[in-house]
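As the structure is a prediction and not an experimental result, all values here were calculated from the model.
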Amino acid sequence: MEKQKEHPIRTGCDRGLCAAAIGRQDRQLNTYDWLADVPGNAESTDLVEVQFKHTRKGYFHNVNNLPLKKGDVVAVEASPGHDIGVVTLTGRLVKLQLKKANLKSEDDIKRIYRLARQSDMDKFREAKALEHETMIESREIAKGLGLKMKIGDVEYQGDGQKAIFYYIADERVDFRQLIKDLAAAFHVRIEMKQIGARQEAGRIGGTGPCGRELCCATWMKNFVSVSTGSARFQDISLNPQKLAGMCAKLKCCLNYEVDDYIEHGRRLPSREVVLQTQDADYYYFKSDILAELVTYSTDKRLAANLETITAKRAKEIIEMNRKGEKPQQLQPDNQKKEPEGPIDLLAGDSITRFDKAKKKKKKKAPKKE
């Protein structure tokens, strides 16, 4: 029998479905290389994107012209020694990623030495095994010095010669003595790197209230300040518990749609304007910004005789009121008032018909003889 040909989608994949040479998207800040199967893409540049622990990435020159593809473990130039990372992107898209990284000098781009050997991986695993214990001990050292800082993560270099300590601090910290104590305790070169609460959440990862993986751990690299104004524009309740993300800061996704809400909000009438009809005066109650619908009530504070009309119709009534005219009703003359509450089309009745509490009949006690 002839040997069956491999499915092109499954070629070169260890598990799951992925396009050829693109690799499975199982790393933080993954970039989907949609040019990977284009002929000549890998040869268009010798720049390669390499990812290390969590969200730390670097860009390197493939000076030895190694046949690298996404997922390869490589040894790269570091200061001092070498580091071990995973290739996450090759080809033309690396140049675009390089612009986002905003590297000001070509000196920041180092070289790739080789594909990682077994001896490199053994040293790498030994160094990684020390990270958690080092983090716990370094926290105790910082606490003993009375420093107002939190060491959130420790990352050892692949050859074990250097360790990066990621910390969070609200104020400026003088950690000169801390560096001396850490170097004496762990006998490695020390590098302190300050990160924010959002960056820490991205490094740790997790699932947001939306049910998806955190944006800061999947694709977001640049963090823009978020204010409560974004929530106000979208008519979101200013509840701190609901507005805060896993990092205890305002959710980054509050900024995603705020521009659309601002644009549509400009088409709505002012909330302070009272609509006058021949029957009653109507006050602003609520609005559906994206649908450009406004609901009015005959009471300033309570929901009474609610009427929902379009923003266009509301502006027409405002213009009529300015001329001293009052329409018969809020709804257009050729449109009937919509029935209150949703309708169950199958039952032909309101779906809230079962919500009415039934009065329980009291059983009469038997008469005593």
Side-chain angles (χ1 to χ4, degrees), residues 23-32 49-60 70-71 73-74 76 78 83-89 97 100-103 108 124-125 127-143 147-158 160 162-171 173 175 178-179 182 186 188-226 244-255:
R24 183 178 171 86
Q25 300 188 43
D26 58 353
R27 301 189 68 81
Q28 290 176 307
L29 298 186
N30 180 80
T31 302
Y32 187 82
E49 182 185 78
V50 179
Q51 186 163 348
F52 303 95
K53 185 178 180 181
H54 296 316
T55 57
R56 184 169 74 91
K57 286 186 177 184
Y59 298 91
F60 301 87
K70 195 170 186 177
V73 183
V74 292
V76 301
D83 205 350
I84 302 295
V86 178
V87 174
T88 51
L89 197 61
Q97 294 292 94
K100 289 184 179 181
N102 195 22
L103 294 179
D108 297 334
F124 174 74
R125 293 188 183 99
K128 292 298 172 184
L130 301 173
E131 290 180 347
H132 182 71
E133 184 180 349
T134 301
M135 180 182 68
I136 300 301
E137 191 173 345
S138 64
R139 287 178 177 178
E140 295 177 357
I141 295 174
K143 185 178 180 181
L147 299 177
K148 295 182 180 180
M149 59 185 293
K150 173 193 172 185
I151 298 178
D153 193 14
V154 176
E155 180 182 0
Y156 269 89
Q157 194 169 276
K162 186 174 76 170
I164 304 174
F165 291 79
Y166 297 92
Y167 72 95
I168 298 176
D170 295 331
E171 302 174 357
V173 179
F175 44 72
L178 175 64
I179 292 177
L182 293 177
F186 306 118
V188 292
R189 184 174 178 178
I190 306 298
E191 180 181 343
M192 304 297 296
K193 186 172 288 188
Q194 186 173 4
I195 59 175
R198 288 188 170 91
Q199 292 169 312
E200 184 189 32
R203 292 185 63 83
I204 297 173
T207 304
C210 59
R212 297 175 64 90
E213 197 173 354
L214 297 179
C215 296
C216 54
T218 51
W219 61 270
M220 183 177 286
K221 299 179 182 179
N222 301 321
F223 298 96
V224 182
S225 60
V226 186
M246 301 294 287
C247 57
K249 302 290 184 180
L250 291 176
K251 295 176 184 175
C252 295
C253 55
L254 289 175
N255 281 345

Colleague: State, without any angle test, whether Glu213 and Thr218 hold a side-chain donor-acceptor pair at a distance under 3.5 Å.
Modeller: no
Colleague: Looking only at atom types and distance, does a side-chain atom of Gln199 sit under 3.5 Å from a main-chain N or O of Gly196, one as donor and one as acceptor?
Modeller: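 Side chain of Gln199 to backbone of Gly196: a pair is present.
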Colleague: Compare all side-chain heavy atoms of Val86 with those of Val50 and state whether any distance is below 4.5 angstrom.
Modeller: no
Colleague: Please report the closest heavy-atom contact between Phe52 and Ile84, naming both atoms and the distance.
Modeller: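 Of all heavy-atom pairs spanning Phe52 and Ile84, the closest is CD2-O, 3.3 Å.
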Colleague: Once rounded to the nearest 0.5 Å, what's the spacing between atom OG of Ser138 and atom CD1 of Ile190?
Modeller: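 One finds 9.0 Å between OG of Ser138 and CD1 of Ile190.
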Colleague: Give the intermediate values and the outcome of side-chain hydrogen bond (donor to acceptor under 3.5 Å, both in side chains) for residues Tyr166 and Glu155.
Modeller: CA-CA 8 Å; Tyr166 297 92; Glu155 180 182 0; 2.9 Å; yes
Colleague: Could you tell me which non-hydrogen atom of Ala217 sits nearest to which non-hydrogen atom of Gly202, and how far apart they are?
Modeller: CB-O, 3.6 Å
Colleague: In Å and rounded to the nearest 0.5 Å, what is the CD1 to CD distance from Ile195 to Glu200?
Modeller: 5.5 Å
Colleague: Answer yes or no: does atom NZ of Lys150 have more than 12 heavy-atom neighbours from other residues, nucleotides or ligands under 6.0 Å?
Modeller: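 No, because the 6.0 Å sphere around NZ of Lys150 holds 12 heavy atoms or fewer from other groups.
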Colleague: Under 4.0 Å between a Lys/Arg side-chain N and an Asp/Glu carboxylate O for Glu191 and Lys162?
Modeller: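 Result for this pair is yes, salt bridge flagged.
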Colleague: In chain order, what residues pass the salt bridge (charged side-chain N to carboxylate O under 4.0 Å, His left out) check against Arg125, with sequence neighbours excluded?
Modeller: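 Result, salt bridge (charged side-chain N to carboxylate O under 4.0 Å, His left out) vs Arg125: Asp122.
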Colleague: Would you tell me whether Glu131 and Tyr156 have side-chain atoms, one donor and one acceptor, within less than 3.5 Å of each other?
Modeller: no
Colleague: Less than 4.5 Å apart, any side-chain heavy atom of Lys148 and any of Val173?
Modeller: no
Colleague: Are Ile151 and Met149 side-chain neighbours, meaning at least one heavy-atom pair lies under 4.5 Å?
Modeller: yes
Colleague: What is the distance from atom CG of Leu214 to atom OG1 of Thr207, rounded to the nearest 0.5 Å?
Modeller: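 It comes to 7.0 Å.
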Colleague: Quick one: pull up CG in Asn222 and SG in Cys252 and give me the separation to the nearest 0.5 Å.
Modeller: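 Between Asn222 CG and Cys252 SG, I get 11.0 Å after rounding to 0.5 Å.
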Colleague: I would like to know whether Val87 and Val74 meet side chain to side chain contact (heavy atoms under 4.5 Å, CB included); could you show each step before the answer?
Modeller: CA-CA 7 Å; Val87 174; Val74 292; 3.9 Å; yes
Colleague: With a 4.5 Å limit on heavy-atom distance, are the side chains of Thr134 and Phe165 in contact?
Modeller: yes
Colleague: If every non-hydrogen atom of Ala197 is compared with every non-hydrogen atom of Cys247, which pair is closest and at what distance?
Modeller: O-CB, 3.5 Å
Colleague: So that I know where these two stand, are Phe175 and Tyr167 an aromatic pair - ring centroids less than 6.0 Å apart?
Modeller: yes
Colleague: Less than 4.5 Å apart, any side-chain heavy atom of Glu137 and any of Leu182?
Modeller: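 The answer is no; the side chains never approach within 4.5 Å.
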Colleague: Is the backbone of Ala169 close enough, under 3.5 Å, to the side chain of Gln194 for a donor and an acceptor to pair up by distance?
Modeller: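 Yes; at least one donor-acceptor contact below 3.5 Å.
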Colleague: Is any side-chain heavy atom of Arg198 closer than 4.5 Å to one of Val226?
Modeller: yes
Colleague: Could you grab the distance from atom CG of Asn255 to atom OG of Ser225, nearest 0.5 Å is fine?
Modeller: 7.5 Å
Colleague: Under a 3.5 Å distance rule, please check whether Asp83 uses its side chain to pair with a backbone N or O of Gly158 as donor and acceptor.
Modeller: yes
Colleague: Which of these passes side chain to side chain contact (heavy atoms under 4.5 Å, CB included) with Val154: Glu133, Lys53, His132, Met135?
Modeller: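 Filter result, single survivor: Met135.
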Colleague: Mind listing the closest non-hydrogen atom pair of Ala244 and Lys251 along with its distance?
Modeller: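 Closest approach of Ala244 to Lys251: O-CE, 3.4 Å.
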Colleague: In sequence, state the C-alpha distance, the side-chain angles, and the governing distance for Gln51 and Arg56, and then conclude on side chain to side chain contact (heavy atoms under 4.5 Å, CB included).
Modeller: CA-CA 6 Å; Gln51 186 163 348; Arg56 184 169 74 91; over 6 Å; no
